[in-house]
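In the text below, chain A, chain B and the rest are named by the order of the sequence lines, each starting its count at 1. Scope of the values below: all heavy atoms of this structure, side chains included, with no hydrogens, waters or symmetry mates.
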Amino acid sequence: MEANQILFIAIALLTVLSAAMVAFSNKLIHSAFALLATFTGFAMLYVYLSADFLAVTQIVVYVGGILILILFGVLMTHKIYSTTKKTAHNSLIVSLLGGILSAGLILFIISKAPWAPLLAKGFNPTTAIIGKEILTGYLLPFEIISVLLLGALIGAIYIARAEDK
Amino acid sequence: MVGFYTVLLFIFTGAFLVSFTVALSRFFAPTKQYPEKLIPYECGDLPQGDAWIQFNNRFYIVALIFLIFDVEVMFLFPWAVVFNDMGLLAFVEMFIFIVVLLVGYAYVWVKGDLDWIKPKPRLEHLAKGKGE
């Protein structure tokens with residue numbers, strides 16, 4: 001086995017095991033911290049898929065931003081552990097059905113996706129290509145993103161502030 | 001992908017150095033555990049209540065603002081890579097992008113979300129007239 005493959009298996013194990021910890025941990029704060037390893041594992045897997053810009057975005061936005069917000073949300077919730085778990089064990093049949101359906105969908109995508117040619121092409125940096133595309137071909141979506149971000153900013157701030165006043 | 005091996009090397013080096021230092025101090029430090037040592041430290045006082053306190057909502061609002069501009073910065077990276085080839089056009093396009101987001105920044109600024117509520121210490125117990 002090559003060193004590359006060992007590294008890949010280690011990254012996959014890190015991602016899957018920490019994701020299992022997110023799902024099965026009893027304490028919400030442990031889940032939130034395990035999510036850190038999951039997001040980092042995702043970023044490493046993106047590198048394997050030759051998506052370097054996406055990997056850096058994953059680190060900067062998810063690990064650096066969204067995870068902090070999740071932690072804030074957990075820490076700011078008053079008496080988070082004394083509330084009864086309202087979603088736990090609602091219905092075994094429904095959750096089993098949902099799980100099987102999503103597993104089937106994922107398996108379908110895995111069977112259809114052209115994995116081997118993508119990986120065989122090797123690594124080539126994408127940042128410059130993305131930069132060229134968003135400034136020429138996809139200019140309008142790019143400018144719309146700024147409007148979307150503006151809406152997200154104002155909306156999020158409005159909702160977060162609502163209880164203050 | 002070579003650049004990312006450097007990143008991996010950094011991760012390994014950082015993890016190794018931190019765990020090595022902690023293990024070293026664990027190995028050499030004398031361990032004498034007694035109950036007083038294990039209570040949370042609050043300037044020598046006995047801790048009151050839970051360590052799980054609710055902190056100010058403002059931290060959350062600032063984090064939300066940070067997240068939006070974090071995403072904006074991610075779009076600056078590919079722009080900066082191709083800026084030399086594109087010239088003035090790229091400059092104008094990014095200018096529009098940032099100006100639209102500056103509207104949001106102006107909004108939160110005007111609405112006072114960036115203002116920190118200054119604590120107003122009550123000093124009635126101090127005798128007035130001495131220092132004023």
Closest heavy-atom pair, B/F66 versus A/G65, reported as atoms and distance to 0.1 Å, is CE2-CA, 4.1 Å
B/V82 to A/G131 - nearest heavy-atom pair and separation: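 Of all heavy-atom pairs spanning B/V82 and A/G131, the closest is CG2-C, 3.7 Å.
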Is [X] in contact with chain A via its backbone, its side chain, both, or neither, using a 4.5 Å heavy-atom distance?
X	result
B/I11	side chain
B/M74	both
B/V108	side chain

Is the shortest side-chain heavy-atom distance between B/V73 and A/V60 below 4.5 Å?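 No. Closest side-chain heavy atoms not under 4.5 Å.
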Counting only non-hydrogen atoms closer than 4.5 Å, does A/L150 touch chain B with its backbone (N, CA, C, O), its side chain (CB onward), both, or neither? both
Chain B heavy atoms under 4.5 Å from A/I66: which part of the residue, side chain, backbone, both or neither? both
State the [atom1]-[atom2] distance between [X] and [Y], to the nearest 0.5 angstrom.
X	Y	atom1	atom2	answer
B/Y107	A/L153	OH	CG	9.0 Å
B/F83	A/L135	CZ	CG	10.0 Å
A/T127	B/W79	OG1	CH2	15.0 Å
B/E72	A/L149	CD	CG	7.5 Å
B/L64	A/I68	CG	CD1	12.5 Å
A/S146	B/L102	OG	CG	10.5 Å

Residue [X] excluded, over 12 heavy atoms near [atom1] under 6.0 Å:
X	atom1	value
B/F69	CZ	yes
A/F33	CZ	no
A/L107	CG	yes

Grouping I, L, V, M, F, W and Y whenever their side-chain heavy atoms are under 4.5 Å apart, do A/L14 and A/M21 come out in a common cluster? no
What do the steps show when you test A/E143 against B/I96 for side chain to side chain contact (heavy atoms under 4.5 Å, CB included), and what is the final call? CA-CA 8 Å; A/E143 298 294 353; B/I96 297 167; 3.6 Å; yes
Parallel, tilted or perpendicular, judged at 30° and 60°: which one describes the rings of B/Y60 and A/F72?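 The rings of B/Y60 and A/F72 sit tilted, inter-plane angle from 30° to 60°.
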B/F75 and A/I145: side chain to side chain contact (heavy atoms under 4.5 Å, CB included), yes or no, with the steps? CA-CA 10 Å; B/F75 281 103; A/I145 285 169; 3.6 Å; yes
Are B/F97 and A/F142 an aromatic pair, judged by ring center distance below 6.0 Å?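 Close enough - the centres of the two rings lie under 6.0 Å apart.
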Taking every heavy-atom pair that is under 4.5 Å apart, which of B/V99, B/L67, B/L8, B/V81 has the most such pairs with chain A? B/L67
